[in-house]
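For ligands, and for the atoms within them, numbers begin at 1 and follow the listed sequence. When reading the values below, keep in mind they use all heavy atoms of this one structure, side chains included, and skip hydrogens, waters and symmetry mates. Quantities reported herein were computed from a predicted structural model and do not represent experimental measurements.
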Amino acid sequence: MLNKDHPRYESLLYRQKIVEAHKNGILADSGLIAHGRGESYDYLIGEYTTDNAKNTINVSACYFLTRKNPVLSVNGNTTALVAEDIAQLSKLLDIPVEINLYYRTDERVRRIEEVYKALGVEQILGTNDDEFIDTPELNGPRSPVSIDGISKSDLVFIPLEDGDRAEALTKLGKTTISVDLNPLSRTAVTSTVTIVDNIVRAVPELIESVKHYQDYDRKELQKIIDGFSNKTNLDNSIKHIIRNFE
Ligand code: PTJ
């Protein structure tokens with residue numbers, strides 16, 4: 001039982017979610033390590049959503065609202081931490097959730113599918129019954145994607161991603177929106193938009209941002225997109241961490 005007065009209550013709560021997801025066969029063994037790496041970057045950032053990250057979340061919302069076929073790609077860590085928010089985002093934008101795992105097993109896919117089904121998500125792709133096609137120039141377990149989902153998409157949301165796939169998807173001309181606490185990672189560097197924030201804060205904020213921008217004119221959304229530079233975003237994120245050391 002967690003004590004709510006503990007100064008690191010929230011962090012402990014998310015650790016508990018991660019451990020439970022591991023016990024339930026949702027999280028990969030390496031997912032525990034990936035979470036620890038994320039925690040350390042979050043600590044350096046200050047464990048809050050910076051103004052710079054808020055800006056990238058707003059730009060991401062504008063991208064979601066101007067693309068034809070966005071897909072939310074999910075893995076074990078994303079499901080462990082923010083499955084409810086992913087389900088909400090999928091319903092709000094009427095877009096599919098596609099399961100794409102680095103450590104793919106039929107059993108993990110089945111368990112993750114159950115989570116989203118229970119949350120009422122209607123469009124779940126990347127399941128064991130799906131038809132797959134390989135992502136060009138990408139080897140490994142994350143290469144096969146759903147013919148009706150990521151393969152046809154023009155925008156892929158890729159939280160907690162590995163660099164190879166982020167790079168391959170961007171090279172294919174897709175808009176890639178990643179969430180990664182590490183602004184130096186290859187995923188961060190090769191994505192169209194990198195939200196340098198903890199996924200537990202970023203996805204709820206993204207939902208609010210989509211609600212805010214959904215009645216905006218397309219031209220206004222495009223103007224916000226055109227004014228964005230991911231290089232400047234990453235430079236700002238790194239400078240923020242350096243300032244915290246001073
Ligand atoms: O569920 P699977 O099989 O697809 O496996 C998922 C993991 C995450 C294990 C796999 O994709 C992996 O090994 O990823 P990496 O290469 O460790 O990259 C994960 C990135 O996410 C790292 O840069 C972490 O800093 C970052 N990260 C970890 N936790 C969070 C995070 N970013 C945002 N929010 C977090 N909570």
Side-chain angles (χ1 to χ4, degrees), residues 8 10-50 52-53 56-57 60 72-83 85-86 97-113 115-116 126-127 135 138 140-145 150 156-169 176-191 193-206 233-234 237-238 241:
R8 301 208 48 76
E10 283 212 359
S11 170
L12 294 177
L13 192 73
Y14 290 120
R15 278 192 181 184
Q16 196 174 48
K17 279 191 169 199
I18 284 284
V19 170
E20 270 165 23
H22 187 249
K23 278 187 194 152
N24 294 337
I26 287 166
L27 196 89
D29 294 347
S30 287
L32 295 164
I33 299 164
H35 184 76
R37 177 151 59 165
E39 273 190 346
S40 57
Y41 276 100
D42 205 14
Y43 202 79
L44 298 178
I45 288 168
E47 296 177 315
Y48 71 97
T49 304
T50 62
N52 183 59
T56 61
I57 290 169
S60 303
L72 304 170
S73 180
V74 295
N75 62 14
N77 289 60
T78 301
T79 304
L81 294 171
V82 288
D85 302 298
I86 292 287
V97 168
E98 179 163 337
I99 303 166
N100 180 283
L101 305 180
Y102 190 82
Y103 301 97
R104 189 179 176 102
T105 64
D106 286 354
E107 182 60 13
R108 283 189 68 216
V109 172
R110 203 177 55 72
R111 288 185 184 251
I112 291 173
E113 183 183 1
V115 171
Y116 291 103
T127 66
T135 304
L138 179 66
R142 293 194 111 164
S143 179
V145 290
I150 291 172
V156 199
F157 185 59
I158 45 171
L160 281 72
E161 183 69 31
D162 69 90
D164 282 353
R165 193 167 82 117
E167 197 169 4
L169 292 173
T176 47
I177 300 180
S178 59
V179 183
D180 196 330
L181 281 158
N182 175 4
L184 300 166
S185 75
R186 214 148 42 89
T187 299
V189 174
T190 56
S191 298
V193 183
T194 309
I195 303 173
V196 183
D197 195 15
N198 196 319
I199 194 166
V200 301
R201 298 187 297 267
V203 183
E205 189 87 34
L206 180 58
N233 161 39
L234 294 177
S237 307
I238 294 163
I241 292 177

Self-check item: Glu98 side chain to Ile150 backbone, donor-acceptor under 3.5 Å
Solution: yes
Self-check item: Donor-acceptor pair, side chain of Arg104 and main chain of Val109, under 3.5 angstrom
Solution: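 No.
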Quiz item: Evaluating non-hydrogen atoms only, which member of Gly38, Ser185, Ala166 is closest to atom 29 (N) of ligand 1?
Solution: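 Of the listed residues, Gly38 has the closest heavy atom.
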Quiz item: Who's closest to atom 30 (C) of ligand 1 heavy-atom-wise, of Leu160, Leu32, Val196?
Solution: Leu160
Practice problem: Record the part of Glu39 in heavy-atom contact with ligand 1 below 4.0 Å; permitted values are side chain, backbone, both and neither. | Solution: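 Neither part.
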Quiz prompt | Contact check: Ala28 vs ligand 1, nitrogen or oxygen atoms, below 3.5 angstrom | solution =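 The answer is no, given that Ala28 and ligand 1 share no N or O pair closer than 3.5 Å.
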Practice problem: For ligand 1, find out whether one of its N or O atoms is nearer than 3.5 Å to an N or O atom of Gly31. | Solution: no
For [atom], which protein heavy atom lies nearest, and how many Å away is it?
{"atom": "atom 23 (O) of ligand 1", "value": "Asp180 OD1, 2.8 Å"}
{"atom": "atom 28 (C) of ligand 1", "value": "Ala34 O, 3.1 Å"}
{"atom": "atom 36 (N) of ligand 1", "value": "Asn198 OD1, 2.9 Å"}
{"atom": "atom 33 (C) of ligand 1", "value": "Asp197 O, 3.4 Å"}
{"atom": "atom 5 (O) of ligand 1", "value": "Tyr103 CD1, 3.8 Å"}
{"atom": "atom 17 (O) of ligand 1", "value": "Arg37 NH2, 2.8 Å"}
{"atom": "atom 32 (N) of ligand 1", "value": "Leu181 N, 3.2 Å"}
{"atom": "atom 10 (C) of ligand 1", "value": "Tyr102 CB, 4.4 Å"}

Quiz item: For atom 12 (C) of ligand 1, is some protein heavy-atom partner under 4.0 Å away?
Solution: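 Protein heavy atoms within 4.0 Å of atom 12 (C) of ligand 1 - there are none.
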Show me, pair by pair, the donor-acceptor contacts under 3.5 angstrom made by side chains of residues 11-19, not counting sequence neighbours?
| residue | atom | partner | partner atom | Å |
| --- | --- | --- | --- | --- |
| Arg15 | NE | Glu39 | OE1 | 3.3 |
| Arg15 | NE | Glu39 | OE2 | 2.9 |
| Arg15 | NH2 | Glu39 | OE1 | 2.7 |

Quiz item: For ligand 1, which atoms have a heavy atom of Gly76 less than 4.0 angstrom away?
Solution: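 So the answer, numbered in order with elements, is 1 (O).
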Self-check item: Partners meeting side chain to side chain contact (heavy atoms under 4.5 Å, CB included) with Thr135 (sequence neighbours left out)
Solution: Leu138, Ser143, Val145, Ala168, Leu169, Leu172
Quiz prompt | Euclidean distance, Glu167 CD relative to Thr187 OG1, rounded to 0.5 Å | solution =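 Spacing of OG1 (Thr187) from CD (Glu167) equals 9.5 Å.
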